[in-house]
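Everything below concerns the one structure shown next.
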Number of protein chains: 2
Amino acid sequence: MIKKTRKERERAARKQLIIDAAIEVIKKNGFESATMDEIAKQAEVSKGALYLYFKNKASIYLAISERGSRLLTQSLSKILLFELSGLELIRKMGQAYLKFVQQNPIYFTAFIYYENLISDDELFESELAAACEESAREAMTYIVRALQIGMQDGSIKDTYDPKELGLIIWGASKGIIHMAFYKENRNHMKILDDVDFSLDSIINNFIEILGTGMANDQKS
Amino acid sequence: MIKKTRKERERAARKQLIIDAAIEVIKKNGFESATMDEIAKQAEVSKGALYLYFKNKASIYLAISERGSRLLTQSLSKILLFELSGLELIRKMGQAYLKFVQQNPIYFTAFIYYENLISDDELFESELAAACEESAREAMTYIVRALQIGMQDGSIKDTYDPKELGLIIWGASKGIIHMAFYKENRNHMKILDDVDFSLDSIINNFIEILGTGMANDQKS
DNA sequence: ATCTATACTGACTCTCAGTCATTTTTTGAA
DNA sequence: TTCAAAAAATGACTGAGAGTCAGTATAGAT
């Protein structure tokens with residue numbers, strides 16, 4: 001356990017307040033139109049002070065993403081406590097993911113930003129990015145655990161590598177939830193309106209398709 | 001058939017040249033750091049001229065996205081010509097999607113941009129956005145056709161609504177390919193390196209999982 | 001050849017991220 | 001308690017780049 005000095009704690013707290021302020025500003029007008037001046041005003045500090053706590057604007061956004069990853073990973077970790085089959089655990093994780101995105105749209109938007117931001121080498125190698133990576137890896141571990149449980153209890157086929165399967169589920173779920181998110185929150189591609197699908201059930205349908213398969217001719 | 005005047009044709013051609021120039025500039029340094037001055041220089045016109053052909057910078061990006069959608073949709077349409085089972089058609093479409101993204105990373109990046117851009121109402125209601133929507137809807141129709149063929153020939157379960165299934169495949173594939181794309185092209189989340197998966201086969205595995213299911217206890 | 005409409009130009013404005021000389025606050029040694 | 005050094009904070013300033021517009025060039029009509 002690392003003992004932090006009062007200074008360090010105060011500094012960390014101030015950092016959190018700036019992140020809170022940034023989230024408030026972004027909620028009003030979106031990521032694109034949020035300015036450092038606005039964030040400073042909201043945080044009740046000068047613009048210069050922002051740069052004492054964060055390297056640049058992108059790293060504030062990175063910090064939002066980091067907080068989001070942490071929250072999401074936490075909520076996934078809780079799911080492993082349930083006494084359920086592996087497949088049920090995966091289903092619950094998918095539902096938790098969707099719920100998180102619906103309740104915290106700003107974090108989800110930040111995740112999308114994150115993927116663009118890390119093409120910048122300097123940010124990619126920052127401490128904040130490392131924390132995001134760590135959260136993601138942790139989340140992935142929970143998914144793989146659930147898959148392994150499912151392979152043990154027979155609810156999930158054991159012909160795939162659980163890690164590869166984990167990645168596929170991770171990627172595919174992200175795509176689905178991305179779609180669901182856009183449909184709910186903003187201007188979105190009109191094809192999403194052609195089908196009258198219920199958002200609360202789409203993850204269930206998706207996991208069901210993954211789980212039971214959509215083809216008739218099952219070989220095993 | 002609408003007969004265009006020479007003027008109109010020249011204008012359209014110039015527009016395409018500007019899009020070409022923008023793509024060249026973006027290839028060099030990415031979307032973020034491309035400037036209107038650079039694009040103008042590359043296109044051998046003045047900066048002001050860019051604004052005679054495009055409303056603003058975002059709409060140039062939108063135009064790139066539109067061209068990309070058109071190309072991708074075209075390549076999907078060709079697949080329906082093959083004499084294959086529905087499931088095979090879907091698999092081929094997935095492969096075509098991946099190939100397109102690998103060969104034209106810039107268009108894929110533009111697609112991602114597009115989804116952010118359309119949160120701006122003005123752009124969302126533009127002619128270019130409408131063209132993107134039309135392409136997307138067309139692509140979706142091809143997927144649904146393939147699914148219907150598969151439900152007829154027995155290669156795909158007919159217990160789902162083909163349209164809903166189409167959306168799920170669309171969303172999930174996007175997520176998977178997004179992941180594959182990031183792994184190949186740029187700084188990317190390190191969890192992608194934890195698993196040594198082959199990109200050329202990931203779509204196959206994904207479609208196989210969708211197609212044959214991952215659960216042991218098949219009810220039908 | 002002259003006129004008019006359309007296409008084009010690039011210097012200019014404005015906004016905003018990021019900087020830095022200056023001021024304010026905190027610390028802790030005497 | 002005092003005060004000098006260090007740390008934190010400020011906000012006017014700078015530079016970059018998107019977008020504008022008064023002025024210029026060109027093509028087509030008469």
Side-chain angles (χ1 to χ4, degrees), chain A residues 4-22 24-26 28-64 110 113 116-117 119-123 126 128, chain B residues 4-22 24-26 28-64 110 113 116-117 119-123 126 128:
Chain A
K4 279 187 184 162
T5 66
R6 181 173 59 80
K7 270 270 173 67
E8 282 171 330
R9 272 179 284 117
E10 276 177 2
R11 192 181 155 79
R14 186 68 83 95
K15 251 186 153 167
Q16 292 306 314
L17 288 176
I18 291 172
I19 297 172
D20 293 339
E24 280 313 304
V25 171
I26 290 164
K28 274 179 221 134
N29 297 305
F31 276 82
E32 305 293 354
S33 44
T35 69
M36 293 300 264
D37 286 286
E38 270 182 285
I39 293 170
K41 198 176 162 196
Q42 175 76 30
E44 294 178 88
V45 295
S46 70
K47 186 154 99 153
L50 294 183
Y51 289 87
L52 297 174
Y53 293 91
F54 294 94
K55 209 182 159 307
N56 51 31
K57 192 180 178 186
S59 77
I60 296 183
Y61 287 0
L62 204 58
I64 295 174
Y113 252 83
N116 289 322
L117 292 179
S119 67
D120 172 12
D121 289 339
E122 204 170 345
L123 274 178
S126 70
L128 274 170
Chain B
K4 278 186 183 162
T5 66
R6 182 171 61 80
K7 273 272 173 65
E8 281 170 330
R9 272 180 283 117
E10 276 176 1
R11 189 179 160 79
R14 187 66 85 99
K15 251 184 155 167
Q16 293 305 314
L17 288 176
I18 291 172
I19 296 172
D20 293 340
E24 280 314 303
V25 172
I26 290 164
K28 274 181 222 134
N29 298 305
F31 275 84
E32 305 292 354
S33 43
T35 68
M36 292 301 265
D37 285 286
E38 271 181 285
I39 293 171
K41 199 176 160 196
Q42 174 76 32
E44 295 178 87
V45 295
S46 70
K47 187 154 100 153
L50 295 183
Y51 289 89
L52 297 173
Y53 291 92
F54 294 95
K55 208 182 159 304
N56 51 30
K57 192 180 176 185
S59 76
I60 295 183
Y61 288 180
L62 204 58
I64 294 174
Y113 253 83
N116 289 321
L117 292 178
S119 68
D120 171 12
D121 290 339
E122 205 171 341
L123 275 178
S126 70
L128 274 171

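Every chain is numbered from 1, with letters handed out A, B, ... down the list of sequences. Hydrogens, waters and symmetry mates are skipped; everything else that's a heavy atom, side chains included, is used.
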message: Can you confirm whether A/E38 sits close enough to A/N29 that some side-chain heavy atom of one is under 4.5 Å from a side-chain heavy atom of the other?
response: yes
task: Search all heavy atoms of B/I64 against all heavy atoms of B/A22 and return the closest pair with its distance.
output: CD1-CB, 4.1 Å
task: Check step by step if side-chain contact (heavy atoms from CB on, under 4.5 Å) holds for B/R14 and B/L52.
output: CA-CA 11 Å; B/R14 187 66 85 99; B/L52 297 173; over 6 Å; no
- prompt: Say you draw a straight line from CD1 of A/I60 to CD1 of A/I19; how long is it, rounded to the nearest 0.5 Å?
  reply: 8.5 Å
query: What parts of residues 36-47 of chain A reach DNA chain C, counting only heavy atoms under 4.0 Å away?
result: A/M36, A/K47
Contacts of type side chain to side chain donor-acceptor pair (under 3.5 Å), residue A/D20, not counting sequence neighbours: A/R67
message: According to salt bridge (charged side-chain N to carboxylate O under 4.0 Å, His left out), does anything in residues 42-60 of chain A pair up with another residue at least two apart or in another chain? List the pairs.
response: A/D37-A/K47, A/K55-A/E122
- request: Write down the distance between CZ (B/R11) and P (C/dT6), rounded to a whole number of angstrom.
  value: 12 Å
query: Can you list the residues that meet the side chain to side chain donor-acceptor pair (under 3.5 Å) rule with A/Y53, with sequence neighbours excluded?
result: none
query: If only atom types and distance count, is the side chain of B/S59 paired as donor or acceptor with the main-chain N or O of B/L62 below 3.5 Å?
result: no
task: For DNA chain C, find the residues of residues 50-59 of chain B with a heavy-atom distance under 4.0 Å and give them by number; none if there aren't any.
output: B/L52, B/Y53
Sugar-phosphate, base or nothing in reach of B/R14, heavy atoms under 4.0 Å: sugar-phosphate
Residue that, paired with B/Y61, satisfies side-chain contact (heavy atoms from CB on, under 4.5 Å) out of B/L128, B/I26, B/L123: B/I26
- request: Measure from the side-chain N and O atoms of A/Y113 to the backbone N and O of A/F31, and report whether any donor-acceptor pair falls under 3.5 Å.
  value: no
message: Could you tell me the boundaries of the chain B footprint on DNA chain D, defined by atoms under 4.0 Å from its heavy atoms?
response: D/dG17 to D/dG28
